[in-house]
Amino acid sequence: MALEPVAQLPLAFLGLGAMGRPMAGNLVRKGFAVRGYDLRPESRSAFAAAGGTAAGSVAEAAAGAGTLVLMVVNAAQAEAALFADGALAALAPQAAVILMATCPPDAVAQLAARVEATGRRFVDAPVSGGVVGAEGASLTIMAAADPEVLATVRPVLDALGTRVFHVGTRAGQGATVKAVNQLLCGVHIAAAAEALSLAEKVGVDLAVVLEILSGSSAASWMLRDRGPRMLEAEPRITSAVDIFVKDLGIVLEAGRDQKAAMPLASLAHQLFLATSGRGDGGADDSQVIRSYRMLNGAG
């Protein structure tokens, strides 16, 4: 049976944080009728100032909506919003739930089963690109869903990202691809920090070293992006240390579930965890270099 269109119904957006608010704002600018909710009143006010409709509760945001986007912190928040706070029950009967937060694959699959048991649809669609990608509507989106279901929400995804990949048909497959992505990102950041901390220890000009490395076979996107910020004392925060504490934890959980050894991911996780443990969890993730400075007696 063909799926009923829901594009004409309101869109609910839960989670108006550093990434969620610009994402919801982009949907508003592209013509979607968006009702947004966040626990923080200031985030709701900022969304309303950007042209969206700020809801007073999760259920109010979801009432009669044809699409629900979840850009919350973790799977526990997604579960609470959907079930304990009444979002799922408030949605239109054939609404689509799009989970865009980074969550463990098994948790995503369990959430999808509960959503689909009510007749609603589920799209597992985590994103990559950070705050910059959210602001510029240039996110990379890794979507897993039945092709027919994906087609119904494609306009929403296209409004948020420039690269939308259909990575599988089962919920959890998108989350797995995101875990693979975060494994490499976290390890690359830690490796860049280790290299620059060695150069710093020797006393060479870090700006010159960074220029050399960025144009050599040792270069990586993360080195070119995070390297300059490693040279700053307090760089702009585009992705916090604690994001990688969480995401590399998810990577390791996925590895345990599949009995896959990941020693490099484990070490990188420990470095981010140590940085957070010293009170720098809210700092830009490039500041994992502070852990190396402490190890080297320079911090």
Side-chain angles (χ1 to χ4, degrees), residues 17-19 71 73-75 100-108 126-134 139-142 163 165 167 172-198 210 213-214 218-232 235-296 299:
M19 289 185 65
M71 195 59 190
V73 173
N74 52 34
M100 306 194 81
T102 301
C103 301
D106 283 354
V108 173
V127 304
S128 179
V131 174
V132 172
L139 294 167
T140 295
I141 301 173
M142 296 149 268
R163 300 199 302 166
F165 294 97
V167 300
Q173 290 177 313
T176 299
V177 174
K178 178 60 187 293
V180 171
N181 182 83
Q182 294 306 90
L183 188 164
L184 282 171
C185 288
V187 169
H188 283 180
I189 294 171
E194 185 167 309
L196 291 177
S197 67
L198 173 60
L210 183 58
L213 295 178
S214 297
S220 69
W221 189 94
M222 279 298 184
L223 174 68
R224 287 190 290 266
D225 185 76
R226 299 314 202 263
R229 281 185 261 160
M230 291 179 185
L231 276 56
E232 300 177 31
R236 179 197 177 200
I237 301 166
T238 62
S239 175
V241 166
D242 277 344
I243 295 295
F244 274 96
V245 172
K246 174 180 77 77
D247 287 2
L248 286 172
I250 290 172
V251 169
L252 296 174
E253 182 179 333
R256 285 193 299 270
D257 290 343
Q258 298 301 319
K259 294 183 172 58
M262 290 183 295
L264 294 179
S266 181
L267 178 55
H269 184 246
Q270 289 297 306
L271 290 163
F272 281 102
L273 194 62
T275 308
S276 179
R278 289 197 311 277
D280 290 328
D284 186 73
D285 58 30
S286 63
Q287 297 311 294
V288 71
I289 195 171
R290 294 175 186 173
S291 286
Y292 282 101
R293 289 171 177 149
M294 292 293 293
L295 288 170
N296 293 331

| task | Begin from the C-alpha positions of Asp106 and Glu253 and carry the test side-chain contact (heavy atoms from CB on, under 4.5 Å) through to its verdict. | result | CA-CA 9 Å; Asp106 283 354; Glu253 182 179 333; 5.5 Å; no
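- Here the shortest heavy-atom pairing between Pro104 and Ala75 reads CD-CB, 4.3 Å.
- When atom types are taken as modelled, the side chain of Asn296 and the backbone of Tyr292 share a donor-acceptor pair closer than 3.5 angstrom.
- In this structure, Thr176 contributes its side chain and Gly172 its backbone to a donor-acceptor pair below 3.5 Å.
- Nearest heavy-atom pair across Asn181 and Ser128 is ND2-OG, 3.4 Å.
- For the pair Gly282 and Ile237, the tightest heavy-atom approach, listed with the atom from each and the gap, is O-CD1, 3.1 Å.
- At least one side-chain heavy atom of Arg236 sits under 4.5 Å from a side-chain heavy atom of Val131.
- Taking CD from Gln182 and NE2 from His188, the interatomic distance works out to 12.0 Å, rounded to the nearest 0.5 Å.
- The backbone N or O of Leu271 lies less than 3.5 Å from a partner atom in the side chain of Ser291, making a donor-acceptor pair.
- A distance-only check finds a donor-acceptor pair linking the side chain of Gln287 to the backbone of Arg229 [under 3.5 Å].
- Of the inter-residue distances, the one linking Arg290 atom CZ with Arg278 atom CZ reads 8.5 Å to the nearest 0.5 angstrom.
- When all heavy atoms of Ala219 and Leu223 are compared, the closest pair comes out as CA-CD2, 4.0 Å.
- Rounding to the nearest 0.5 Å places CG of Leu196 at 6.0 Å from CG of Leu210.
- In terms of heavy atoms, Ala268 sits closest to Ala190 at CB-CB, 4.2 Å.
- You'll find the side chain of Gln173 stays beyond 4.5 Å of the side chain of Val177, heavy atoms only.
- The environment of CZ in Arg163 is sparse: at most 12 heavy-atom neighbours from other residues, nucleotides or ligands sit within 6.0 Å.
- For the atom pair OG (Ser239) and CD1 (Ile189), the distance works out to 6.5 Å, reported to the nearest 0.5 Å.
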| field | Stepwise side-chain hydrogen bond (donor to acceptor under 3.5 Å, both in side chains) test for Asp280 and Thr275 | value | CA-CA 6 Å; Asp280 290 328; Thr275 308; over 6 Å; no
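- Side-chain atoms of Lys178 never come within 3.5 Å of backbone atoms of Asp247 as a donor-acceptor pair (strictly under, hydrogens ignored).
- Of all heavy-atom pairs between Ala193 and Val288, the closest is CB-CG1, 3.9 Å.
- For Ser276 (side chain) and Leu273 (main-chain N/O), no donor-acceptor pair under 3.5 Å exists by modelled atom type.
- How far CE of Met222 is from CG of Leu184: 9.5 Å, rounded to the nearest 0.5 Å.
- Contact check for His269 versus Leu252: side-chain heavy atoms found under the 4.5 Å cut-off.
- The CZ atom of Arg226 lies 10.0 Å from the OG atom of Ser220; values are rounded to the nearest 0.5 Å.
- Taking the side chain as every heavy atom from C-beta outward, Val127 and Met19 approach each other to under 4.5 Å.
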